[in-house]
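Every heavy atom of this structure was used, including side-chain atoms; hydrogens, water molecules and symmetry mates were not.
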Amino acid sequence: MDDSALWQRSTHGDEGAFTQLFERHASSVWNHCYRLTGSWAQAEDLTSGTFLTAWRRKKEVTLVRESALPWLYTVAANLARTEHRGSARRLRLLKRIPEPAHVPDHAEAVAEQVDGEERMRLIAGAVRALPKSQRRVVELCLLGELPATDAAQVLGVSEVTVRAHLSRARAQLRKALEESE
């Protein structure tokens, strides 16, 4: 039985006739779709879409020649073009979407804060353990960020004395922090 007879029978409710058309032309339509797209997955989708369109429009179509294949190829090509245009539109849309802003990890900030607080407790403890003269110099120069000349004036000692106390205090603080790590 030729395609036009099968097509005519399928329009009158003979599902077996449409099944025969499908079995007869599915591989040819798939090959055509593969040649159009170069993708096995797209060829599968387009073949399914082609026969779905044929099923839906079977009563509207009158085959001119004995074969349904030219009409099926035309439907497949139209579906492939539509898919290609849709893909191109989606790609253009994606290019217009700005890159998401970098959002720092909250966990890292919390960990840094906790580590910073712990380190400050260690430093404060080490400063409290210093002799009084060194502790006062550290509080003014290192923690208060005063220049040695100003600290000397506040403490009523020479600048050389302040620098000596700073040197000794730094060595003791460095040692205390290294031991705690």
Side-chain angles (χ1 to χ4, degrees), residues 1-126 142-145 170 173-181:
M1 195 175 297
D2 65 2
D3 286 355
S4 61
L6 288 172
W7 196 276
Q8 188 64 30
R9 288 179 61 183
S10 70
T11 60
H12 295 297
D14 185 354
E15 293 178 14
F18 191 84
T19 302
Q20 284 181 338
L21 282 169
F22 176 81
E23 290 172 352
R24 184 178 291 175
H25 297 300
S27 63
S28 297
V29 171
W30 185 90
N31 286 330
H32 182 67
C33 292
Y34 179 73
R35 286 188 296 271
L36 291 172
T37 63
S39 165
W40 288 13
Q42 282 183 322
E44 287 287 332
D45 292 343
L46 291 173
T47 301
S48 297
T50 299
F51 282 98
L52 179 62
T53 302
W55 176 259
R56 287 181 179 162
R57 298 186 59 202
K58 64 184 174 191
K59 292 184 180 179
E60 301 169 21
V61 176
T62 304
L63 299 180
V64 178
R65 296 191 173 92
E66 296 296 312
S67 177
L69 203 52
W71 186 82
L72 293 170
Y73 281 172
T74 302
V75 170
N78 288 338
L79 290 174
R81 277 191 296 280
T82 301
E83 176 61 31
H84 179 71
R85 283 191 306 268
S87 295
R89 275 194 304 274
R90 286 188 292 278
L91 285 174
R92 285 192 306 270
L93 176 64
L94 285 174
K95 288 179 183 178
R96 289 190 306 192
I97 297 173
E99 288 288 324
H102 173 72
V103 178
D105 187 4
H106 178 68
E108 290 178 15
V110 170
E112 287 176 12
Q113 184 178 0
V114 169
D115 289 345
E117 288 175 3
E118 179 62 28
R119 187 154 177 85
M120 281 307 294
R121 277 195 287 278
L122 288 171
I123 291 170
L142 297 182
L143 301 178
E145 298 179 347
R170 281 185 175 132
L173 289 173
R174 206 175 297 117
K175 182 180 176 186
L177 291 175
E178 286 173 0
E179 290 173 357
S180 68
E181 292 176 354

Where do [X] and [Y] come nearest, in terms of heavy atoms and distance?
X: Leu21; Y: Asp3; answer: CD2-OD1, 3.6 Å
X: Ala26; Y: Thr47; answer: O-CG2, 4.0 Å
X: Thr50; Y: Leu79; answer: N-CD1, 3.4 Å
X: Ala43; Y: Thr37; answer: N-OG1, 4.0 Å
X: Val61; Y: Trp71; answer: CG2-CZ2, 3.3 Å
X: Leu36; Y: Ala80; answer: CD1-CB, 4.1 Å

Check: Short question: side chain of Trp7, backbone of Lys58 - any donor-acceptor pair under 3.5 Å?
Finding: yes

Notebook entry, point to check: Hey, does Leu69 have a side-chain heavy atom less than 4.5 Å from the side chain of Tyr73?
Noted result: yes

Note to self: Is the shortest side-chain heavy-atom distance between His32 and Leu46 below 4.5 Å?
What the structure shows: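 Side chain of His32 against side chain of Leu46, heavy atoms only: no contact under 4.5 Å found.
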
Check: Considering residues at least two apart in sequence or located in another chain, which fulfil the side-chain hydrogen bond (donor to acceptor under 3.5 Å, both in side chains) criterion with Arg121?
Finding: Glu118

Check: Thr53 and Arg56: side-chain donor and acceptor closer than 3.5 Å?
Finding: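 Side chains of Thr53 and Arg56: no pair found under 3.5 Å.
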
Let me confirm one number: the [atom1]-[atom2] distance from [X] to [Y], rounded to the nearest 0.5 Å.
X: Arg9; Y: Glu15; atom1: CZ; atom2: CD; result: 12.5 Å
X: Arg174; Y: Glu179; atom1: CZ; atom2: CD; result: 13.0 Å
X: His84; Y: Gln42; atom1: NE2; atom2: CD; result: 10.0 Å
X: Leu173; Y: Leu122; atom1: CG; atom2: CG; result: 11.0 Å
X: His25; Y: Leu6; atom1: NE2; atom2: CG; result: 8.0 Å
X: Asp45; Y: Cys33; atom1: CG; atom2: SG; result: 9.5 Å

Check: Does the ring center of Trp55 lie less than 6.0 Å from the ring center of Phe51?
Finding: no

